[in-house]
S.K.: 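Let me give you the structure first, and then I'll get to my questions.
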Amino acid sequence: MSVYEYPKEYDVVVVGGGHAGCEAALAAARMGCSTLLLTINADTIGLMSCNPAIGGLAKGHLVREIDALGGEMGRNIDATGIQFRQLNTSKGPAVRSSRAQADKQLYRLRMKKILESTYGLDVKQAMVDAVFAEGGKAKGVDTSLGVRYRGKTVLLCTGTFLKGLVHIGLVNFPAGRAGDFPAMKLSDSLKELGFSVGRLKTGTTPRLDGKTIDFSRTAPQWGDDPPVPFSFGNREIRRPQVACYVTYTNERTHEAIRSGLSRSPLYSGVIRGIGPRYCPSIEDKVVRFADKERHHVFLEPEGLRTAEYYPNGVSTSLPYDIQVKMLRTIRGLEEVEIVRPGYAIEYDFVDPVQLVPSLETKVVENLFHAGQINGTSGYEEAGAQGVVAGINAARRVQGKEPVLFQRSEAYIGVLIDDLVTKGAQEPYRMFTSRAEYRLLLREDNADLRLSETGHRVGLLAAERYEEFRAKREGLSSLISILETSRVPAGHPLARAVEEAGGAPVRPGTGYAELLRRPEVTAALIVANDPDLARFSPEVVSQAELIVKFDGYIRRQEEEAKKLRKYEEVKFPGDFPFESVYGLSTEVRDKLVRVRPVSIGQAQRIPGVTPAAVALLLVALKKGRAATQASG
């Protein structure tokens with residue numbers, strides 16, 4: 001097929017219109033780069049392929065970090081969310097997270113509109129078959145119609161579309177997701193370029209007709225009142241809020257599932273891809289947790305203008321007849337009708353150890369990967385990678401150094417470091433337990449951690465940055481007041497503390513000392529000191545966390561500072577890991593595979609021992625000495 005050269009070269013070409021692709025394209029364009037987004041179907045930009053929700057445990061942290069940098073996901077869910085909830089509110093501030101149900105179609109349509117109205121960003125519908133590269137550098141992409149779009153950088157955000165294969169029972173068919181074409185040639189192009197390509201699997205639930213659900217037999221679950229926005233730029237949520245509903249599987253459900261296992265693609269050997277351990281299908285739950293009498297099923301509305309419900313908890317690839325049989329054993333679903341069956345999908349991914357922390361590939365220069373192509377699962381993980389890849393592709397075009405995120409700085413840093421250091425043996429999902437410095441990486445302080453970076457790279461809007469500066473100054477002022485102010489004799493605050501169940505307050509007791517008492521809140525102090533009324537509830541709440549957990553925060557900051565020195569000990573790009581004296585064959589092979597950029601990253605490679613790190617430090621020192629001697 002002859003190639004038609006499109007008569008415009010872009011700074012950044014983004015392949016894929018999912019959550020990673022949207023954030024990548026917006027970041028690059030907002031930073032001043034001419035950007036092209038290519039997607040197989042322009043009507044499904046920003047579509048929620050699985051559950052109609054954003055956030056969740058640890059995932060909410062990622063959304064807030066995307067927002068703090070200037071990304072779009074937080075603002076999009078705030079504008080289209082129909083139920084907001086704060087999770088883990090009974091636990092410490094480090095593990096509290098936000099989650100919101102979305103109106104699925106409104107979320108997609110708003111994101112599409114944002115992309116289409118962004119200056120410098122073109123959106124085109126096309127199937128990309130190959131990355132065009134010359135001299136080890138990406139120069140553009142070739143489409144199925146024989147069109148070559150040239151770009152100074154290329155970002156692949158392909159989701160589950162690389163040779164996607166949908167399974168429903170023993171029936172399977174090629175698809176990027178149910179109803180969409182797969183990309184059948186692009187992963188072969190990547191193999192030809194030298195990439196190691198593997199196979200993963202994920203799945204989704206059936207979608208149910210809400211008219212056929214008896215909600216009176218389920219328990220309603222309401223969101224927070226008032227709902228708390230995701231974006232630091234929003235103060236309130238005005239969209240009408242709706243309820244979700246809770247029901248459970250039972251022994252009859254489990255019997256129905258077991259009756260279909262012989263025709264399950266998971267248990268008959270049809271599926272070869274590795275699935276997500278932390279988000280198992282309902283058949284997996286029944287087999288692996290045979291002692292459990294029931295499992296939660298959350299009935300989540302897909303939107304305000306549709307009758308479809310998403311039964312969270314029953315992801316399945318069982319045959320259609322078993323799906324019907326299984327669902328109708330569940331309380332409230334006795335007469336339910338399936339609108340769309342659940343399914344599993346297998347797809348190709350590229351081993352993420354072939355990336356550097358900027359998300360540029362080691363194999364081909366100027367080529368970046370983000371999202372499920374890197375072995376992750378989830379909209380939030382994809383969006384986080386997309387914004388980083390978009391930033392760094394833009395900075396490559398601008399001739400600037402990449403922006404890298406440390407593990408002690410952001411969940412985004414934890415996510416990327418885990419991928420490029422350990423690879424992905426299964427679909428990667430973010431958890432708070434993956435972060436060593438959870439108390440430093442709270443949802444509430446994502447802007448304090450990252451908005452300065454968003455401003456510096458030119459992604460965070462000027463108005464948002466000014467709001468951030470005002471908040472930061474207000475927080476600093478309030479903490480200073482709390483640390484220096486004291487309670488005089490007869491002050492109403494002393495009486496308020498005692499009425500709240502606290503011990504008597506001695507005159508001269510400091511505000512900060514009072515605040516460290518479990519029964520005292522910053523809101524109580526502010527309510528009894530008119531001079532503090534000017535501070536916003538957000539600033540007051542955040543000041544309380546900082547004061548109450550001051551000792552723990554300082555301890556983690558010291559630990560992070562000690563470990564950061566190892567991140568600053570860099571390996572040169574041509575460091576000979578294969579010839580370092582004294583390393584075992586296993587350690588040497590792992591180092592050669594990952595090619596860590598620093599001693600800190602080398603330490604985190606599974607199987608690299610402290611003794612091996614010491615040998616690397618000696619080899620680095622010798623190499624520098626030799627360089628100085630030859631100079």
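Position 1 is the first residue of the sequence; numbering continues from there. Any value given below was found using the heavy atoms of this structure, including those in side chains, with hydrogens, waters and symmetry copies removed. Just so it is clear, the model here is predicted, and its values are computed rather than measured.
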S.K.: Strictly distance-based, threshold 3.5 Å: is any side-chain N or O of Asp103 a donor or acceptor partner for the main-chain N or O of Leu304?
M.R.: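 Yes, the answer is positive, given that a donor and an acceptor are paired below the 3.5 Å cut-off.
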S.K.: Do the charged groups of Glu308 and Arg207 touch, with an N to O distance under 4.0 Å?
M.R.: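 Arg207 and Glu308: not salt-bridged.
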S.K.: Drop me the distance from Lys191's NZ to Ser196's OG, to the nearest 0.5 angstrom.
M.R.: 9.0 Å
S.K.: What is the distance from atom CG of Asp321 to atom CZ of Arg263, rounded to the nearest 0.5 Å?
M.R.: 4.0 Å
S.K.: We want to know whether Asn312 and Asn51 form a side-chain donor-acceptor pair, criterion being a heavy-atom distance below 3.5 angstrom.
M.R.: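 Judged by distance alone, the side chains do not pair up.
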S.K.: Going by atom types only, do Tyr267 and Asp284 share a side-chain donor-acceptor pair under 3.5 Å?
M.R.: yes
S.K.: Classify the side-chain pair Thr153/Asn366 by whether it contains a donor and acceptor separated by less than 3.5 Å.
M.R.: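 The criterion, which ignores hydrogens and geometry beyond distance, is not satisfied for Asn366 and Thr153.
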S.K.: For the rings on Phe215 and Tyr309, is their centre-to-centre separation under 6.0 Å?
M.R.: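 So the answer is yes for these two rings.
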S.K.: Checking the side chain of Asp78 only, and the main-chain atoms of Phe230 only, is there a donor and an acceptor separated by less than 3.5 Å?
M.R.: yes
S.K.: When you measure from the side chain of Glu23 to the backbone N and O of Glu72, does any donor-acceptor pair fall under 3.5 Å?
M.R.: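 Yes; judged by distance alone, with no hydrogens or angles, the pair exists.
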S.K.: Is the ring pair Tyr4/Tyr6 parallel, tilted or perpendicular, if the boundaries are 30 and 60 degrees?
M.R.: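 Plane angle over 60°, so perpendicular.
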S.K.: Do Gln385 side-chain atoms and Glu381 backbone N/O form a donor-acceptor pair below 3.5 Å?
M.R.: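 Yes, Gln385 side chain to Glu381 backbone: donor-acceptor pair under 3.5 Å.
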S.K.: Pairing donors with acceptors under 3.5 angstrom, does anything connect the side chains of Ser358 and Arg395?
M.R.: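 No, Arg395 and Ser358 have no side-chain donor paired with an acceptor closer than 3.5 Å.
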S.K.: Has Thr376 got a side-chain atom pairing as donor or acceptor with Gly371's backbone, closer than 3.5 angstrom?
M.R.: yes
S.K.: Do Asp417 and Pro357 have side chains that get closer than 4.5 Å, going by heavy atoms?
M.R.: no
S.K.: With heavy-atom distances below 4.5 Å as the criterion, would you say the side chains of Leu415 and Tyr428 are in contact?
M.R.: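 They are in side-chain contact.
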S.K.: Is a donor on one side and an acceptor on the other found under 3.5 Å between the side chain of Ser117 and the backbone of Ile114?
M.R.: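 Side chain of Ser117 to backbone of Ile114, a donor-acceptor pair under 3.5 Å: yes, one is there.
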S.K.: State, without any angle test, whether Thr247 and Thr218 hold a side-chain donor-acceptor pair at a distance under 3.5 Å.
M.R.: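 Thr218 and Thr247 do not have a side-chain donor-acceptor pair below 3.5 Å.
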S.K.: Out of curiosity, Leu318 CG to Leu261 CG, how far, rounded to the nearest 0.5 Å?
M.R.: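 Here the rounded value is 6.5 Å.
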S.K.: List the steps, then state whether side chain to side chain contact (heavy atoms under 4.5 Å, CB included) holds for Glu283 with Leu266.
M.R.: CA-CA 9 Å; Glu283 52 265 41; Leu266 275 177; 3.9 Å; yes
S.K.: Check the side chains of Ser144 and Asp129 for a donor-acceptor pair under 3.5 angstrom, ignoring hydrogens and angles.
M.R.: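 On atom types as modelled, these side chains do not qualify, holding no pair under 3.5 Å.
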S.K.: Would you check if the distance from the ring center of Phe195 to the ring center of His369 is below 6.0 Å?
M.R.: yes
S.K.: Closer than 4.0 angstrom, basic N to acidic O: yes or no for Glu134 and Lys139?
M.R.: yes
S.K.: Less than 4.0 Å between a side-chain N and a carboxylate O, is that true for Lys163 and Glu346?
M.R.: no
